[in-house]
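To keep things clear, I will list the structure first and then write my remarks on it.
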2 protein chains.
Amino acid sequence: MVASTLAEVARLAGVSPATASRVLNGSARKPGEDIAERVRRAAESLGYIPNAQAQGLAKSSSGLIGLIVHDIADPYFAAIARGVQEAAREQGRMVLLATTAGAPVDEREAVAAFAARRADAIVIAGSRSARPGDKDGNLELAAELDRYCRNGGQVAVVGHAVVGASASDGYHVVPVPNEELAAGLATELAASRDDRFVIIGGPEGLFTSDDRIRGFQRGLASAGLPAAEVIRTDFNRSGGFEAGMALAAQIKASRTADTARADTGRFCVFAVNDVMAIGAAAALRSEGLHIPRDATIAGFDDIETLRDFRPALSTVHLPLEEIGRQATRRAGGTLEDGAAAPPITGHVILRRSTVSGPAPERIT
Amino acid sequence: MVASTLAEVARLAGVSPATASRVLNGSARKPGEDIAERVRRAAESLGYIPNAQAQGLAKSSSGLIGLIVHDIADPYFAAIARGVQEAAREQGRMVLLATTAGAPVDEREAVAAFAARRADAIVIAGSRSARPGDKDGNLELAAELDRYCRNGGQVAVVGHAVVGASASDGYHVVPVPNEELAAGLATELAASRDDRFVIIGGPEGLFTSDDRIRGFQRGLASAGLPAAEVIRTDFNRSGGFEAGMALAAQIKASRTADTARADTGRFCVFAVNDVMAIGAAAALRSEGLHIPRDATIAGFDDIETLRDFRPALSTVHLPLEEIGRQATRRAGGTLEDGAAAPPITGHVILRRSTVSGPAPERIT
DNA sequence: CTGTTAGCGCATTCAC
DNA sequence: GTGAATGCGCTAACAG
C-alpha cells in the first residue's frame, strides 16, 4: 500500500499540509479559491486518496457503522441490511458486516472488533437469546456493549435489549411489536373456530420467537379458544420442514381416527416466520397434504422473495428495511429517541394459505 | 471515543509501550512469561481494546475486505456475501459492504472509499455492464481499480473483468461459466422440439445476462432449432413480471390464431435468472395461464429461497457461496491463481416447471 | 487566511 | 529480552 500522501500533495501545490487538508476535506476554514484550485489539481494529478485510517486516528471517529446479523443470506436479515446500508450512506458512513449465527459469544467478539475499529455505531439486528447456554455469553456481550457505550459508542438493537445490558445513553432499542402483531394474526385466524391451532416455533429462549408465540396464544385466548400446541424446532427453513413432517403424520393420524369430515378439526398452523412456514408447507405437500384444504398455514415477516409462493402465504408484514434504517438513524444520531422516532408498525396480511372453510375451486 | 491506550496498559504494568505491544499482539519477539502475564492482566483490568486504526496506520494494512454488490437484499448477492464473509473470517478480516445498484459510477466511488480505508482486498460481485451510458463510468472505475492495484491492493471480480481494466497483478477474475451452462440448459430443453423458445433477458450490455442469452441461443442452434426471441427488461423480479405479462398476451393471441391444440407451439421461456423467472411465472399465472401446461419456464442461479416455489423451477445451479469464498480467497492471498483454484462449475436442474409434453395430472 | 507545531495510538527500528 | 526513539498520515490548536 504505497499511496501518495497529503504531504506530497501539499508540496506539489507549494502549500502547507494544513492548507491542503483544509481544501481537500471539508473544513470550517475556507482557503482562497486560487490556492484551493492549485491543491485540487495537485491532488488530482497525484491520484491522492485520503487515508481514512489516519483521518480516523486524528479525529477519533471512523465513519464506520457495524452491523451484526445471524446470517446475511437469510432474507430477513438481508432486507434489514439493505435499510442499514441505505441509512449509512445518508450519513456518509460505510457498513462493516459481521455474522454470528446468533451466538452471543460471537456477537461479543464482533462488538469488540467493531470497537477496535472505532465504529461510530453498532446495529444488532439478530434476535436476542435467553437460552440457558447463552447466559454467560450474554453477560459478556452486555459488558462489551457497555464498555463500548461508555467509550462514546452508539448501539441500536432491533427488538429487545441485550439481556443484562444496563441502559446507558447511547444504547437504543428499536421495538418491534411482535407480540401484538402475532395476537392480531391469531384474532383474524380465530374466525374459523373449528380449527385446531398449532404453532411451529423456534427454540425456547429466542425472544422474537417467544414473543410471537406468546402473542398468538394471547390472541387465541381472547377469542375464547384453547391454547395451541407448540412444536419447537430450528428457526429456519429446515426446522419448519421437520416440524411440518411431524405435523403431517399427526394430521393423517387424526384423520383415520375420527372418520368425520376433513373440515372438522382442520389444522391451522402458525409458523413464527415465513421461511419456517415455507418449509412446513413443503413438508405437508410432500406428504400429499394440500393447503389450505387439509391444513391452513400462516407465517410472519412478509419476506419479499416469498410473496410469489403459492398458495400465497398469510403473514404479518414487517417493514424490514425501515427497521434497519431506523436502527441506523437512531444509532447514527440522525434521529432522536422518543417522539421523533416513528414507532415500527406492521399489519396482518391474509392470503390464500389460510382461506377458511372448505377449499375453493382450484385457482392458480 | 475514549478508550484506554496501550501506553496506559504499559504504565499500569510497569513496562514500556513496546513491550506491551509485543505481548498483546503477536510479535516475533517473545517477552518473558512473567512480564507478559502482568501486561495481560493490566490490559484486562483496563478493558483495553487495541485501536485498529492506529495499528493499520502503523502497519499500513487494515484487515478489511471490501465487497461490492448491486443489492444486498437480492438473494443472489446475499448468498455470495455469505461466502465472502466466511472466507474473510478465515483470514481474520472483516468485510466492508457497499451497494451500487450496478452503476459503475457508484462502484468507482466504492472502490475509492475502500482504498481510502486501505482495504486489503476488494471483491466485486456485481455483473459488469457494457451499456453505452456506462462507458465513461467503466473507464473511471477501471482507472480507480488500477490505481488501487498499483498501490498494492488486491481485486477479485466475479464473472468478467471490468471493462477497460488492464491486467495488473493483484487483479483476479473468478470466471463463471454462464454461457456454457446456459447452452447446456438449452440442450436439455431442446428435447421438446415443438416448443417456441423465448428468452427473457436483462438490459443489453449486462454481461451476465448477455452470456446466458448467448449460451442459450447457441444450445438451441446446435440442436438445430431456430434462435429464440429475446425480450429485454429489468434484471429483477419486476422485469420478469412485465415480460411475463407481455408473453401472456402473446400466448393468448397465438392460441386464438391457430385453433390447433395448445401443445403445438407451446412456449418455453428461459428467464436469465431465477428471480426474473419467478416474476414471469407470477405474471402468467395472474393471466390464467398454467405452468407447465400452457408454457414451460426455466431460470438460472438456483436460488435457495426459491426452491420451494411450485411448480418447481428448472434452473442452473451455481455454487454462489463458493463463488464468494473463492473470490475472497483469491484476493486475500489464501489461494493462488491458476491450478490451485478449482474452477467454478454448475449444473442444470430440470424440475416440474419444464416437464415436456402435456401437463400431467395435478400433483401438489 | 496561511503556516507551524503537536499529537492521535501503535509498531518498529534501533540502542541498551 | 527490554526500553527509547521515530514515523505511519492526518487534523487541530495555535501562532503569524
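The figures here come from the full heavy-atom set of this structure, side chains too, leaving out hydrogens, waters and symmetry mates. Numbers restart at 1 for each chain; the letters A, B, ... are given by sequence-line order, proteins then strands.
As rounded to whole Å, 11 Å separates atom P of C/dG9 from atom CG of B/Leu6. Summarising the geometry, the separation between CZ on B/Arg38 and P on D/dT2 is reported as 9 Å, rounded to the nearest angstrom. The interatomic distance linking A/Glu37 (CD) with C/dC1 (P) rounds to 18 Å, in whole Å. The interatomic distance linking B/Asn151 (CG) with D/dC8 (P) rounds to 16 Å, in whole Å. In this structure, the NZ atom of B/Lys59 is 7 Å from the P atom of C/dT12, given to the nearest Å. Rounding to whole angstrom units, CG of residue B/Asn51 and P of C/dA11 are separated by 10 Å. Atom CG in B/Leu24 sits about 16 Å away from atom C1' in C/dT12, given to the nearest Å. As a whole-Å value, the separation of B/Gln53 CD from D/dC10 P is 13 Å.
Comparing atom distances between the A/Ala58 side chain and each of C/dT2, C/dG3, C/dG7 picks out C/dG7 as nearest. Counting only heavy atoms from C-beta on, B/Leu57 has its side chain closest to D/dC8 among C/dC10, D/dG3, D/dC8. Candidate nucleotides D/dG3, C/dA11, D/dC10 were compared by shortest atom distance to the side chain of B/Thr19, and D/dG3 ranks first.
Using a 4.5 Å heavy-atom cutoff, the side chains of B/Leu141 and B/Arg128 are in contact. B/Leu64 has its side chain within reach of A/Leu96: a pair of non-hydrogen atoms, C-beta onward, lies under 4.5 Å apart. At least one side-chain heavy atom of B/Leu24 sits under 4.5 Å from a side-chain heavy atom of B/Val9.
Of the residues listed (A/Val155, A/Val162, A/Ile68), the one engaging A/Val111 in a side chain to side chain contact (heavy atoms under 4.5 Å, CB included) is A/Ile68, and it is the only one.
Under 4.0 Å is where a charged nitrogen must lie from a carboxylate oxygen, and between A/Asp146 and A/Arg150 at least one such pair does.
Within the 4.0 Å cut-off from OP1 or OP2 of D/dA4, not a single side-chain nitrogen or oxygen of B/Ser16 is found. For C/dA11, the OP1/OP2 oxygens have a side-chain nitrogen or oxygen of B/Gln55 closer than 4.0 Å. Residue B/Ser60 places no side-chain N or O under 4.0 Å from the OP1 or OP2 atom of D/dC8. A close approach under 4.0 Å does occur between a side-chain nitrogen or oxygen of B/Ser21 and OP1 or OP2 of C/dA11.
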Throw together a table of side-chain donor-acceptor distances under 3.5 angstrom for residues 48-55 of chain B, partners on residues two or more places apart or in other chains.
unit_1	atom_1	unit_2	atom_2	d
B/Asn51	OD1	B/Gln53	N	2.8
B/Asn51	OD1	B/Ala54	N	3.2
B/Gln55	OE1	B/Asn25	ND2	3.0

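For B/Arg22 against D/dG3, a side-chain N or O and a base N or O form a donor-acceptor pair under 3.5 Å.
In the helix from C/dC1-D/dG16 to C/dC16-D/dG1, the terminal helix axes, each the rotation mapping four pairs' C1' atoms onto the next four within five end pairs, subtend 40°, rounded to 10°.
Aromatic ring orientation, A/His160 versus A/Phe207: perpendicular (interplanar angle above 60°, classes split at 30° and 60°).
Contact annotation for B/Pro50: backbone-only contact, meaning every heavy-atom pair under 4.0 Å involves sugar-phosphate atoms and none involves a base.
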